[in-house]
Amino acid sequence: MSLYRNSVWFLNGIQQYTRKGYVAASKDFEAKDLEVSVVGRSYMITGANSGIGKATTMAIAKKGGTVHMVCRNKDRAEEAKSQIVFESGNAEVYIHVVDMAQTRKVLEFAETFKKEHPSLNVLINNAGCMTHKRELNAEGLEMNFAINTMAVYILTQALIPLLQKSRDPRVITVSSGGMLVQKLRTDDLQSEKGYFDGVMVYAQNKRQQVVLTEHWAKTNPVIHFSAMHPGWVDTPAVSTSMPQFHQMMGNRLRSVDQGADTVVWLALSRAAARKRSGQFFQDRKPVPVHLPLAWTHSSDEEIRSFITQLETLARAVRLHGEGLRDRVDISIPQFV
């Protein structure tokens with residue numbers, strides 16, 4: 001990451017990503033956008049028991065939506081569900097215990113969900129992680145990549161047929177403005193080369209999510225795809241994974257409700273569905289996916305390589321389950 005990009009991004013963040021930035025942006029919000037009832041519509045939210053995921057789940061439940069909470073920890077999920085049902089008065093809240101780090105389990109869950117449910121109107125890919133040591137999951141995938149990218153890819157791809165059969169289908173991925181400092185790296189998806197920097201690996205995964213969103217929008221015109229940046233939010237995940245940043249920013253961080261606002265708007269409002277599919281949103285507005293003068297743009301060949309690698313990895317998970325690296329050749333496809 002160049003010093004220029006780092007400086008531009010951080011200065012931009014201080015102005016826009018903080019609580020102050022949200023307050024300024026919210027002056028242009030249309031209150032009527034969220035004056036809706038979504039009774040009869042179904043929503044799936046990963047990482048739904050805390051932080052932005054919980055705030056989003058609560059907001060949707062209060063509007064009458066049927067909510068499927070996809071969570072890793074059953075006890076925490078049950079506790080969050082009880083609070084959501086009590087405060088919203090909506091009993092149509094369901095828990096699915098899935099660890100997004102277990103790639104095969106994500107696929108199995110998606111396939112089972114398709115068989116058991118006739119429709120899904122909105123998928124919200126919210127779960128994420130930032131680990132600062134390179135670790136592998138059961139399938140041999142680097143942990144940040146497994147949760148932030150591979151789980152999003154497999155879950156979304158598997159549920160696309162169900163979404164396509166549903167009314168006004170949408171897919172929303174909670175990304176990060178941190179992706180602005182990263183160019184898609186197709187030659188090192190598993191972060192095997194050089195020094196392992198958890199923050200930069202996370203930012204690379206978030207760039208991957210944005211590229212995926214653009215790709216899906218082109219290949220699935222029936223579904224409205226979007227990615228978004230919640231701003232710098234005071235969540236348990238931020239305090240755990242970035243303690244110094246959390247302490248430095250203090251009360252300048254956004255509340256979880258402020259961080260969830262654009263997710264909720266993208267999930268519920270008719271105004272969001274009228275926006276062009278495939279865009280990156282911040283405070284209810286589409287914003288550029290590259291900084292000015294940045295060299296973070298990807299060629300068509302690089303994007304094809306990235307998508308093909310994900311397809312290859314997903315196929316390996318589907319066909320072979322565990323022992324991914326030992327059984328399947330996952331070399332980078334060559335394009336000429």
Side-chain angles (χ1 to χ4, degrees), residues 33-48 52-53 56-70 90 92-94 96 98 100 106-127 149-175 208-228 230 260-281 284-286 307 310-311 314:
D33 283 357
L34 294 181
E35 293 173 358
V36 296
S37 170
V38 290
V39 173
R41 284 177 65 78
S42 58
Y43 300 76
M44 180 185 291
I45 305 167
T46 65
I52 292 170
T56 301
T57 304
M58 179 71 79
I60 293 172
K62 286 181 176 180
K63 295 296 183 181
T66 297
V67 186
H68 296 277
M69 301 173 63
V70 180
N90 182 355
E92 295 295 305
V93 181
Y94 304 95
H96 307 269
V98 185
M100 303 304 282
V106 174
L107 176 62
E108 290 174 352
F109 161 69
E111 295 297 338
T112 300
F113 188 91
K114 279 193 297 188
K115 294 175 183 176
E116 296 179 349
H117 297 85
S119 69
L120 177 66
N121 298 101
V122 181
L123 168 63
I124 300 173
N125 292 307
N126 167 71
T149 302
M150 208 60 214
V152 169
Y153 177 78
I154 284 180
L155 183 62
T156 304
Q157 280 290 135
L159 293 176
I160 279 175
L162 186 60
L163 287 157
Q164 287 176 329
K165 295 190 298 183
S166 308
R167 182 174 55 83
D168 186 18
R170 309 181 191 186
V171 174
I172 302 150
T173 300
V174 179
S175 183
Q208 293 166 357
Q209 291 178 348
V210 169
V211 172
L212 266 176
T213 297
E214 294 172 336
H215 167 74
W216 279 323
K218 292 177 182 176
T219 54
N220 301 277
V222 173
I223 302 172
H224 188 277
F225 288 89
S226 59
M228 61 77 67
D261 177 81
T262 295
V263 188
V264 174
W265 180 81
L266 287 166
L268 299 181
S269 75
R270 295 184 178 90
R274 291 194 291 267
K275 300 291 185 180
R276 178 171 55 83
S277 182
Q279 296 190 93
F280 181 64
F281 288 80
R284 304 192 188 185
K285 292 182 179 180
I307 298 300
L310 294 185
E311 290 172 348

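In this text, all values refer to a predicted model and were calculated from it rather than measured experimentally. Every heavy atom of this structure was used, including side-chain atoms; hydrogens, water molecules and symmetry mates were not.
- The side-chain heavy atoms of Tyr43 and Ile172, taken from C-beta on, include no pair separated by under 4.5 Å.
- Under the 4.5 Å side-chain criterion, counting only non-hydrogen atoms from C-beta, Phe280 is not in contact with Glu214.
- Annotation for Trp265 and Ala271: closest pair CZ2-CB, 4.0 Å, computed over non-hydrogen atoms.
- The two residues Ser226 and Leu266 make their nearest non-hydrogen contact at OG-CD1, 3.6 Å.
- Within the 4.5 Å cutoff, side-chain heavy atoms of Thr46 are placed close to those of Leu155.
- The nearest pair of heavy atoms linking Thr213 to Gln279 is CG2-O, 4.4 Å.
- Ile124 is listed as a side-chain neighbour of Ile60, based on a closest heavy-atom distance under 4.5 Å.
- Looking only at side-chain heavy atoms (C-beta outward), Glu92 and Tyr94 come within less than 4.5 Å of each other.
- To the nearest 0.5 Å, the span separating CG on Leu163 from CG on Asp168 amounts to 11.0 Å.
- Ring pair Phe113/Phe109 is tilted by interplanar angle, where 30° to 60° counts as tilted.
- Note on ring orientation: taking the six-membered ring where Trp is involved, the planes of His68 and His96 are tilted (angle from 30° to 60°).
- Shortest non-hydrogen contact noted between Ile52 and Pro230 is CD1-CB, 3.6 Å.
- Here the side chains of Val70 and Met100 are in contact, with some heavy-atom distance below 4.5 Å.
- By the 4.5 Å heavy-atom criterion applied to side chains, Met69 and Ile45 are not counted as neighbours.
- Thr149 and Gln208 are linked by a side-chain donor-acceptor pair at a separation below 3.5 angstrom, with hydrogens and angles left out of the test.
- Nearest heavy-atom pair, Arg170 versus Ala272, reported as atom, atom and distance to 0.1 Å: NH1-CB, 4.1 Å.
- The two residues Thr57 and Ala48 make their nearest non-hydrogen contact at OG1-CB, 3.5 Å.
- Residues Val171 and Asn125 have side chains in contact (heavy-atom distance under 4.5 Å, counting atoms from C-beta outward).
- Between the side chains of Thr56 and Asn126, no donor-acceptor pair of N or O atoms lies under 3.5 Å.
- For Lys275, the NZ atom is loosely surrounded, since the number of other residues' heavy atoms within 6.0 Å does not exceed 12.
- Looking at Asn90, its side chain does come within 3.5 Å of a backbone N or O of Ala61 through a donor-acceptor pair.
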